[in-house]
Number of protein chains: 2
Amino acid sequence: MVNKALENAMDFDPNETPTGKYRAGKIRDRNLTNIVKAAEEEFVQHGYRGTSIQAIADRAQIPKANVHYYFKSKSNLYIAVLDNLIHLWNNFFDEITEKDDPAVVLDEFIRKKVELSYTHPRASKLFAMEIVQGAPHLKDYIRTEMRQWVRRKAAVIDTWIEQGRMANVDSMQLIFLIWSSTQHYADFDTQVLTIMNRAEYEPDMIRDISDFLSQLILRGCGLEPPARPAPQTALDDADA
Amino acid sequence: MVNKALENAMDFDPNETPTGKYRAGKIRDRNLTNIVKAAEEEFVQHGYRGTSIQAIADRAQIPKANVHYYFKSKSNLYIAVLDNLIHLWNNFFDEITEKDDPAVVLDEFIRKKVELSYTHPRASKLFAMEIVQGAPHLKDYIRTEMRQWVRRKAAVIDTWIEQGRMANVDSMQLIFLIWSSTQHYADFDTQVLTIMNRAEYEPDMIRDISDFLSQLILRGCGLEPPARPAPQTALDDADA
DNA sequence: CATAAACCTGACTATTTAGACAAAATTGGT
DNA sequence: ACCAATTTTGTCTAAATAGTCAGGTTTATG
């Protein structure tokens, strides 16, 4: 359980991890992973209500009753999946301070966010579905942890603006802009890829997208793109 | 039926409009409107599979069998709702030419898109859900009409770039950026409002959002914001 | 190898679902 | 008032659903 907000939101009490001899079997872990992954896929494609345990079980290639053995209920499994997602998000982004260079921080943030969308498209989509539907399970999380997170970042950006180190833009809106534009490539991949007549993303495209977004947004903030380490060669590491 | 792509996608054959005396009754229209609106709300909140005809009927305050009278099937009703949505979109955006001023066109596009998100949040969200879920019903539409639409716009932007009238940016990515950033305020309204600690959008906020996005994106494209008519006073119309 | 805990699973139940249908009610024109 | 087309609605059905449960199987350890 990563966040308390979720804990209160529902009767989350996953079937207790066994305490005896079995407590950490390979099979158990594999099953749990399979179920959660299958659940993610089904929930993304059909929503919470539209997903049946049977479908999840089929996808995970285990009997339906087995899913109920590991997770008491459907809502339970869903919360577990969401919790994974929040965990992922929380661990991915560092804190920043006013001493950092705005251009470097924003550039890194954009690139990390695009990368996250690329490496974890299911998580991104599931989160999107939750929010679009009115965040029935994540409202508390947004009101508490997420709001604080945004306020901390916004405060730093405001300091940069006061110090004249970047253009005077609404810091919160800037964060929303970065969120929306980066996430779009994961959440709306079907639309983007179909319009671009591609089957799937490739590393090249991801780099192009990151470059485009970073360039345009930084320029929009009156910033010069930071010097980026040359790709591939990790030789020149020393800073001088 | 606005687009052929949808027509082929499913067995769309709405219960034939009666030809006799009843053909265009007030009651019929009111019922149809109520059902479609209720359906939009339910489909957004619970997805296609997660929505029951009963719930739609309850929301529209008519018996369930009545919904089936107006729309043969659930999938039928869904298609009708999506069709409304496409219609709305198609009628909202004008064509542009290379003779237009890039700053004016982009500024207008951004503002119109924000406005559309504000006035039709349900439509925006429903579209988002469809795409996130892999566009099972809209894939053809995206591949044909939408792709062409994007290509036309992108071609004009490319001409502007060749003529040195704006910075050299990837035109398609620019369109995606505008889409994503504007739609975000409708689709993720729960998140945005909760983080900003507001209950709902107000005209002021919408103006601020439009100003922010227009400013930042235009600056990112190396453009100066166009002279905008002063709000409220529509007196000074003459151009000199 | 004995045993107890952990795990697996087929069969069952109560509820909800989309859709069908027939009989009733309403409508507008004659 | 009468009629035929249109609209309304209660009732029925077959399929799918989440969750239960009892009994069987596997596993680690003494």
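For the numbers below, each heavy atom of this structure counts, side chains included, while hydrogens, waters and symmetry mates do not. The structure displayed is predicted, hence computed values, not measured ones. Lettering follows sequence order; numbering is per chain, from 1.
The interatomic distance linking B:Q54 (CD) with C:dT17 (P) rounds to 7 Å, in whole Å. For the pair A:E42 CD and D:dT17 P, the interatomic distance rounds to 10 Å; values are reported in whole Å. Rounded to an integer number of Å, the gap from CZ of A:R49 to P of C:dT15 is 18 Å. Per the geometry, NE2 belonging to B:H46 stands 15 Å off P belonging to C:dT16, to the nearest Å. Between A:H68 atom NE2 and D:dT17 atom C1' there is a gap of 10 Å when expressed in whole angstrom units. D:dA16 atom C1' lies 15 Å from atom CD1 of A:I56, rounded to whole Å. Per the geometry, CG belonging to A:N66 stands 15 Å off P belonging to D:dT20, to the nearest Å. Distance, A:R30 CZ to C:dC7 C1': 13 Å, rounded to whole Å.
Both B:T51 and A:I62 lie close to DNA chain C; mapped to their nearest nucleotides by heavy-atom distance, the more 5′-ward contact belongs to A:I62. Comparing A:A65 and A:G50 against DNA chain D, the residue whose closest nucleotide sits nearer the 5' end is A:G50.
Between the side chain of B:K64 and the base of C:dG19, a donor-acceptor pair under 3.5 Å is found. Side-chain N/O atoms of A:K72 and base N/O atoms of D:dG19 include no donor-acceptor pair closer than 3.5 Å.
For C:dC7, neither phosphate oxygen OP1 nor OP2 lies less than 4.0 angstrom from any side-chain nitrogen or oxygen of A:Y70. Taking side-chain N and O atoms only, A:S52 has a distance below 4.0 Å to OP1 or OP2 of D:dT17. Considering only side-chain N and O atoms, A:R28 lies nowhere under 4.0 angstrom from the phosphate OP1 or OP2 of C:dA6. Between B:Y69 and D:dT8 there is no side-chain N or O to OP1 or OP2 distance below 4.0 Å. Side-chain N/O atoms of A:N31 include one lying less than 4.0 angstrom from OP1 or OP2 on C:dC8.
Annotation: A:K112, atom NZ; neighbour count of heavy atoms from other residues, nucleotides and ligands within 6.0 Å is above 12.
With rounding to the nearest 0.5 angstrom, the CD1 atom of B:I209 is 10.5 Å from the NE2 atom of B:H184.
With hydrogens and angles disregarded, a donor-acceptor distance shorter than 3.5 Å links the side chain of B:K74 to the backbone of B:Y48. A:Y201 contributes a side-chain N or O that, together with a main-chain N or O of A:Y185, makes up a donor-acceptor pair within less than 3.5 Å.
The residues B:D211 and B:R111 are annotated as salt-bridged, a charged nitrogen and a carboxylate oxygen being separated by less than 4.0 angstrom.
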